[in-house]
Amino acid sequence: MEVSFQEEIKSLALGEGDVFHGEGILAITKALLQSGVSYIGGYQGAPVSHLMDVMVQARELVGALGVHVEACSNEASAAAMLGASIHYPLRGAVTWKSIVGTNVAADALSNLASPGVTGGALIVVGEDYGEGASVVQERTHAFAMKSTMLLLDPRPDLAHMVDMVEHAFALSEASNMPAMMELRIRACHVRGSFVCKDNKKPLISTQSPLQEPASFDYGKLSHPPSTFHHEKLKIEERIPAAQRYIVAHGLNALHAGTHDEVGIIVQGGLYNALIRSLQQFGLADAFGHADIPLMVLNVTFPLVPDQLAAFFLGKKAVLVIEEGAPEYIEQEIAAVLRRRDIPTALHGKDLLPATGEVNTEVILGGLAKFFARRLPAVDTTVVQTMLDAAVLRRTSSAAVLDAALPLRPPGFCIGCPERPVFAALKLAQQEVGPLHIAADIGCHSFATFAPFSFGHSILGYGMSLASRAGVSPLMQRRVLSIMGDGGFWHNGLLTGVQSALFNGDDAVLLIFKNGYTSATGTQDIISTPGKDSKEAIGDKLMSLTATNLTIENTLAGLGVQWIKTVHAYRVTKMRDVLREALTTEFSGLKVIIAEGECQLERQRRIRPWLAGLLARGQRVVRVKYGIDEDVCNGDHACIRLSGCPTLTLKDNPDPLKVDPVATVIEGCVGCGLCGENAHAATLCPSFYRAEVIQNPHWHERLLATVRGAMLRLLQPA
Ligand code: SF4
Ligand code: SF4
């Protein structure tokens with residue numbers, strides 16, 4: 001990974017009384033060090049990638065504290081790491097993206113939560129829900145409930161979030177329950193400040209390790225009959241202990257208001273949006289003082305029935321503001337009210353949308369309905385006018401924009417090595433016919449958008465090969481499974497490759513070996529080329545010999561007999577190998593490895609290197625592609641085959657032709673795909689390749705002068 005987090009690492013080193021300024025997720029990272037963690041692990045994914053990215057680069061700082069950092073191979077391995085806290089008084093924290101990461105970790109989490117923990121165990125989950133989310137829309141809450149884990153949902157304020165990290169460890173230790181802290185996208189990126197404490201050296205650390213292992217205790221194993229006892233412990237001891245801690249330390253904030261007859265219960269993470277909404281009704285100030293009594297659930301599991309009952313008693317109606325479906329919190333509150341015969345009216349999803357992100361506009365709508373029903377003294381006309389105007393603005397601008405602008409789906413970076421492979425796949429399908437394509441998670445899933453539109457299903461990270469197991473035996477033509485090297489190591493090797501080999505499946509797997517888990521922020525993986533080989537590559541395309549052969553060797557070691565590595569930019573060769581894999585007599589697993597470094601990382605690496613060459617007055621050659629507009633026939637086959645954003649259209653300069661011509665704009669990184677496609681698909685001969693030479697040799701200057709003179713001679717003004 002070429003991104004540097006040196007500035008962030010300085011923030012982690014701040015001491016007692018220093019003021020931290022920055023993003024929420026970095027504040028959480030600092031809070032872990034202030035809480036005396038002994039170990040930290042995780043698997044990257046937005047919106048919490050930053051935590052591991054910073055930690056991995058801060059190994060020197062955290063190493064001095066005796067904290068161990070592990071970049072885990074997937075979320076299951078991160079969850080299993082928390083097993084260290086079962087026996088030992090070690091505080092540990094791991095992180096991942098939820099809900100997908102929690103799904104992967106679920107087995108280890110169940111087996112962790114059953115015996116429970118001695119040292120505080122904290123899972124920082126990026127709750128990737130709502131606008132901007134990139135995964136299926138489900139909530140982490142269900143996992144906390146089913147496995148009996150604490151779920152913290154802190155109010156998005158840096159000082160408060162940092163406090164809640166420290167409480168999470170203490171709460172975990174007081175209740176023996178692992179804790180999850182859910183941070184929405186906005187909470188991860190909210191900026192603010194807090195006054196720091198010194199980082200705390202853990203008592204047990206890499207510098208002062210445990211002398212002896214814990215004595216054998218069958219009760220700490222998640223085996224029967226221990227598991228039957230664990231279930232009782234969860235309900236009879238752990239949850240009550242957690243509830244006592246929550247009340248004793250005031251973790252759920254209770255704010256009195258002037259309108260005692262009603263109240264609002266809100267998840268901590270939605271508090272800022274609620275206060276902003278109440279301000280619009282004139283019921284709160286900018287400092288968070290509200291006229292409506294509020295209960296802010298900074299811990300959403302377990303709830304505290306006595307605390308809830310006390311809040312409800314004497315009120316006419318209470319609104320519960322909860323994000324997503326099902327409404328677990330509201331249902332639990334309804335059960336508390338019913339069991340205690342509390343007659344207060346309960347509102348929630350009857351006034352708020354059942355699904356989707358709960359933002360300020362959504363809350364405004366819910367509050368307007370709530371006040372109209374239960375607090376008519378509040379004037380809702382101004383807010384209602386605002387809401388109506390927002391809807392009108394959206395619908396009218398959508399009508400205008402839809403008519404004026406084409407859809408702009410996300411796509412591969414300019415020069416991405418995955419684009420040429422999908423161009424080759426288009427060409428291969430012209431020969432073998434349309435394929436069922438099992439797609440996967442990763443940058444290659446951009447091929448599900450135009451101009452490729454490849455992919456029939458996505459079943460999870462690294463699951464493409466496994467997901468074709470039910471399709472390929474029932475389909476006449478071979479099925480193609482696609483995954484990245486990140487997905488291969490995350491899950492694909494075991495769930496897909498091993499299963500296909502074991503069952504002797506006739507399957508075709510295409511692996512993108514770009515060297516990183518690019519979609520999560522280009523983190524290194526076990527097959528990332530070493531630094532030395534990357535430097536040796538210089539400004540050339542990555543060559544086969546320069547890269548790490550871990551994937552090939554692993555597959556060969558497992559017994560895969562048909563493996564072909566092809567450079568991603570060699571479109572003709574890739575088309576031929578795809579055709580071969582899809583038609584060969586060989587009936588076992590066939591693996592094609594498309595090799596080409598992630599262009600984002602490559603540019604990050606070579607730009608400073610090129611700048612250094614230029615600064616030293618050395619010769620630098622940049623390749624650019626272009627299109628001769630006099631030759632372009634305007635059929636745009638090149639664009640349909642590539643989708644590169646820098647290969648686009650412009651008005652035809654010929655007044656007798658109406659079709660726009662193709663053009664290459666500034667931003668082309670000269671990846672070579674235009675030339676490869678023109679050759680592989682026998683496109684019109686309008687493409688040219690140009691070399692822009694900076695600091696040329698004397699003979700190159702002379703040649704350019706002669707050429708210029710000849711051109712002027714042949715093309716008089
Ligand atoms: S990040 Fe890398 S792999 Fe992903 S689209 Fe960009 S160039 Fe391609
Ligand atoms: S050579 Fe073609 S495909 Fe490659 S960056 Fe330039 S315009 Fe895009």
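Because the structure is a prediction, the values reported are computed rather than measured. Just so you know, ligand 1 is whichever comes first in the structure, and atom 1 is the first atom listed for that ligand.
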J.: Can you figure out which of P410, G415, C413 has its heavy atom closest to atom 5 (S) of ligand 1?
T.: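 When every heavy atom of P410, G415, C413 is considered, C413 comes closest to atom 5 (S) of ligand 1.
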
J.: Hey, which atoms in ligand 2 end up nearer than 4.0 Å to a heavy atom of L673?
T.: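 It comes down to these atoms of ligand 2: 3 (S).
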
J.: Which of the atoms of ligand 2 are close to I414, meaning less than 4.0 Å from one of its heavy atoms?
T.: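 The list of qualifying atoms is 5 (S).
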
J.: Ligand 2 versus C644, non-hydrogen atoms closer than 4.0 Å: side chain, backbone, both, neither?
T.: side chain

J.: Hey, is atom 4 (Fe) of ligand 2 within less than 2.8 Å of some N/O/S atom on C671?
T.: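 Here the distance criterion (N, O or S atom, under 2.8 Å) is met by C671, so yes.
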
J.: Does a side-chain N-to-carboxylate-O contact under 4.0 Å join R579 and D576?
T.: yes

J.: How are the rings of F412 and F452 set to each other: parallel, tilted or perpendicular (split at 30° and 60°)?
T.: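 Aromatic pair F412/F452 classed perpendicular.
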
J.: Looking only at protein heavy atoms, identify the closest one to atom 3 (S) of ligand 1 and say how far it is in Å.
T.: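 Checking every protein heavy atom, the shortest distance to atom 3 (S) of ligand 1 gives N514 ND2, 3.4 Å.
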
J.: Just need the protein heavy atom nearest to atom 4 (Fe) of ligand 1, so name the residue and atom and give the distance.
T.: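 Residue, atom and distance for the closest contact: C443 SG, 2.3 Å.
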
J.: Going by the angle between their ring planes, with limits at 30° and 60°, are F512 and H444 parallel, tilted or perpendicular?
T.: parallel

J.: Please check if the number of heavy atoms outside R616 that lie under 6.0 Å from its CZ is greater than 12.
T.: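 Yes, because the 6.0 Å sphere around CZ of R616 holds more than 12 heavy atoms from other groups.
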
J.: Considering only protein heavy atoms, which is closest to atom 6 (Fe) of ligand 2, and at what distance to one decimal place?
T.: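 The closest one turns out to be C668 SG, 2.4 Å.
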
J.: Strictly distance-based, threshold 3.5 Å: is any side-chain N or O of R478 a donor or acceptor partner for the main-chain N or O of A581?
T.: yes

J.: Short list, please: which atoms of ligand 2 are under 4.0 Å from a heavy atom of V669?
T.: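 In order of numbering, the contacting atoms are 5 (S).
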
J.: Show the atoms of ligand 1 that are less than 4.0 angstrom away from any heavy atom in Q599.
T.: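 Close to Q599: 2 (Fe), 7 (S).
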
J.: Which of these passes side-chain contact (heavy atoms from CB on, under 4.5 Å) with Y461: T495, N491, D440, V104?
T.: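 Filter result, single survivor: D440.
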
J.: I need the atoms of ligand 1 closer than 4.0 Å to a non-hydrogen atom of C416, numbered in the order shown.
T.: 3 (S), 5 (S), 7 (S), 8 (Fe)

J.: Where is the nearest protein heavy atom to atom 7 (S) of ligand 2: which residue, which atom, and how far?
T.: T646 OG1, 3.3 Å

J.: So, do P451 and K426 sit near enough that their side-chain heavy atoms are less than 4.5 Å apart?
T.: yes

J.: Looking only at protein heavy atoms, which one is nearest to atom 2 (Fe) of ligand 1, and what is the separation?
T.: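 Of the protein heavy atoms, C598 SG, 2.4 Å lies nearest.
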
J.: Could you tell me the separation between the OG1 atom of T95 and the NE2 atom of H50, rounded to the nearest 0.5 Å?
T.: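 Atom-to-atom, T95:OG1 and H50:NE2 are 12.0 Å apart.
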
J.: I'd like to know if E629 and K650 make a salt bridge, using a cut-off of under 4.0 Å between side-chain N and carboxylate O.
T.: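 Result for this pair is yes, salt bridge flagged.
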
J.: Which of the atoms in ligand 2, numbered in the order shown and given with their element, are less than 4.0 Å from a heavy-atom of Y625?
T.: 1 (S)

